[in-house]
Amino acid sequence: LGSKTRHFKWEVGYVFRSPDCLERPVMGINGQFPGPTIRAEAGDTLHVELTNKLTTEGVVIHWHGIRQFGTPWADGTASISQCVINPEETFVYRFKVDKAGTYFYHGHYGMQRAAGLYGSLIVDVAEGEKEPFDYDGEFSLLLSDWWHQSVQEQEAGLSSVPFRWIGDPQSLLMNGRGQYNCSLASSFAVAGSNVTTGQGGPCRFLGHEDCAPQILSVLSNRTYRLRLASATSLHSLNFAVASHKLVVVEADGNYVQPFAVDDLDIYSGESYSVLLTTDQNPAANYFISAGVRGRQSNTTQALTILNYKPNPPLKSPTSPPPITPRWDDFDRSRQFSLKIRALVGRSPKPPRKSDRRIVLLNTQNTVDGVVRWSINNISLALPATPYLGSIKYRLKHAFDGAPPPETFPENYNITRPPANLNSTIGNRVYQLRLNSTVDVVLQNANAMNENNSEIHPWHLHGHDFWVLGYGEGRFAAAEAEKHFNLDDPPSKNTAVVYPYGWTAVRFVADNPGVWAFHCHVESHLHMGMGSVFAEGVHRVGRIPGEAIACGLTARMKLAAAEDEDGN
Ligand SMILES: O=C1O[C@H]([C@@H](O)CO)C(O)=C1O
């Protein structure tokens with residue numbers, strides 16, 4: 001049935017843009033920031049020919065939420081699935097989008113996501129298929145956070161002694177548009193007249209600037225699908241539309257049992273679809289907001305306007321923007337997380353039992369004085385040779401072949417800063433038996449400073465997992481298992497781990513390849529907060545030469561070529 005190959009020719013390069021009204025170099029694609037939106041139908045093949053026009057940096061692009069069945073080399077993870085694409089090189093990402101949903105793509109090398117390398121990827125149901133809900137129109141809002149400091153400076157700070165944390169972003173963006181240091185003050189006037197005042201300057205909601213928000217123009221008494229995805233580098237966000245309920249229908253490309261909320265939390269790496277019915281006073285416009293949750297922050301909300309036609313878009317909302325819930329009201333966040341249930345019949349069910357349980361302790365500590373994040377006391381530093389090639393071709397010395405720890409010591413106290421700060425750098429891999437069912441428990445702990453445990457949204461490549469449960473304190477298997485949701489757990493690719501808590505997920509290791517599993521806070525991954533899973537790599541088909549033309553796999557190819565020449 002009508003599945004197509006969709007061709008794209010992309011060039012990645014820096015462009016000058018003013019995402020929050022202040023001009024900065026931004027990483028763009030074909031001169032666009034955010035990158036072009038890809039729209040496809042389930043079953044289509046995407047063929048993205050990516051040329052690196054960054055003159056002094058490598059690049060890769062990860063297709064977040066796309067499982068890459070049969071094409072693990074197209075996952076776009078530097079040092080895991082492929083060699084980085086060097087300046088002037090072209091790499092072809094060719095893969096199938098097999099499941100309808102709201103996705104995005106982003107850089108997965110160093111911290112290039114924070115430089116602006118991201119865009120939306122929307123997969124519609126295949127021709128003749130139907131979504132389990134109806135709507136009259138739709139909008140996509142890709143959420144992100146934005147720093148004025150360059151990514152190079154951020155990365156340098158993170159690996160410096162003393163440590164220099166990246167701090168708060170200057171702005172939050174929706175579809176790459178935000179406002180730095182503007183204030184609505186006591187007036188909600190938004191204005192073509194730029195009348196708003198406050199400590200900051202006026203908010204420039206209308207005009208042709210890069211930072212003027214995309215206004216959502218709607219008709220009264222209709223239902224709209226809002227597709228939300230969070231590409232933030234750091235922040236968890238709360239999204240709301242003033243005076244309107246939102247009905248959640250999709251999470252991470254999977255249908256959920258619909259439920260209505262006033263607002264929703266969205267963590268970095270997550271996506272949702274919500275239905276909004278335009279049932280409010282049609283004489284008014286309304287604010288749409290995204291504000292910071294989960295970390296103390298001074299970054300102001302990203303705002304845009306829900307414009308009921310035929311009101312002019314410049315007509316000021318008569319009510320203020322939604323109030324973002326308190327950043328540390330984690331009970332509220334947990335309540336929201338627990339509402340997310342699979343839409344039974346339209347979302348797969350988990351196996352009742354797992355074959356293996358891996359417990360991953362998340363800690364902040366130091367290696368040679370440098371602040372790092374570690375998993376079971378190993379802080380991930382990726383090898384020079386991408387795992388996919390080195391494992392398939394059984395190259396010794398490409399990485400540490402010892403199995404990483406299955407759990408952490410009984411006597412580790414998760415409520416206190418680490419007693420011993422020292423961690424080690426490593427690059428070991430969890431080898432999963434093909435088609436086995438694996439449980440992973442993510443165990444949070446106190447960070448290096450007293451009374452602080454941070455939020456971590458964990459993202460799995462190559463699979464969806466079922467979120468079986470969340471708990472507070474230290475994971476205790478016997479008790480926890482009693483409360484696992486095996487009836488309608490949501491399938492997701494990203495799940496949050498709350499401060500001092502644990503999150504249990506289950507997945508089937510049914511996708512031959514090597515897959516990253518990591519905290520989606522970009523600086524945390526950069527500081528080592530990730531692990532690597534490999535399964536059935538011997539079953540992986542021929543890896544395109546460009547994906548392995550570096551490190552030891554390049555040497556192997558060269559040696560083979562020399563043999564053929566009879567040298
Ligand atoms: O990794 C991090 O480092 C800082 C802080 O823990 C130490 O400065 C912070 O907020 C992080 O998320």
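Keep in mind that what you see is a predicted model, and the values were worked out from it rather than measured. Each ligand, and each atom within it, is numbered from 1 in the order the structure gives.
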- Message: Please evaluate residues E209 and Q179 with respect to the criterion side-chain contact (heavy atoms from CB on, under 4.5 Å), reporting the C-alpha separation (whole Å), side-chain torsions for both, the decisive distance (0.1 Å), and the verdict.
- Response: CA-CA 11 Å; E209 302 98 320; Q179 303 263 316; over 6 Å; no
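- Protein heavy atom closest to atom 3 (O) of ligand 1, with residue, atom name and distance, is Q364 NE2, 3.2 Å.
- Annotation: cation-pi pair R334/Y470 absent, no NZ/CZ under 6.0 Å from the ring centroid and within 45° of its normal.
- Using a 4.0 Å heavy-atom cutoff, R295 is listed among the residues neighbouring ligand 1.
- The aromatic ring centroids of H461 and H518 lie less than 6.0 Å from each other.
- Of all protein heavy atoms, the one closest to atom 1 (O) of ligand 1 is W373 NE1, 2.9 Å.
- Between H520 and H459, the two ring planes are perpendicular [angle over 60°; tilted spans 30° to 60°].
- Distance from atom 2 (C) of ligand 1 to its nearest protein heavy atom, with residue and atom name: W165 CZ3, 3.3 Å.
- If you check which protein heavy atom lies closest to atom 8 (O) of ligand 1, you get F163 CE2, 3.6 Å.
- Note: no N/O pair closer than 3.5 Å links N452 and ligand 1 by distance alone.
- Using modelled atom types and a 3.5 Å distance limit, the side chains of N238 and T324 yield no donor-acceptor pair.
- From the protein, the heavy atom lying nearest to atom 12 (O) of ligand 1 is E454 OE1, 2.4 Å.
- Taking the six-membered ring wherever Trp is involved, the centroid distance between the rings of Y93 and Y105 does not fall below 6.0 Å.
- Annotation for ligand 1: atoms under 4.0 Å from non-hydrogen atoms of H524 are 1 (O), 2 (C), 11 (C), 12 (O).
- For E406 and R356, the salt-bridge test passes: some basic side-chain N is under 4.0 Å from an acidic carboxylate O.
- Set against the non-hydrogen atoms of M527, the atoms of ligand 1 under 4.0 Å away are 1 (O).
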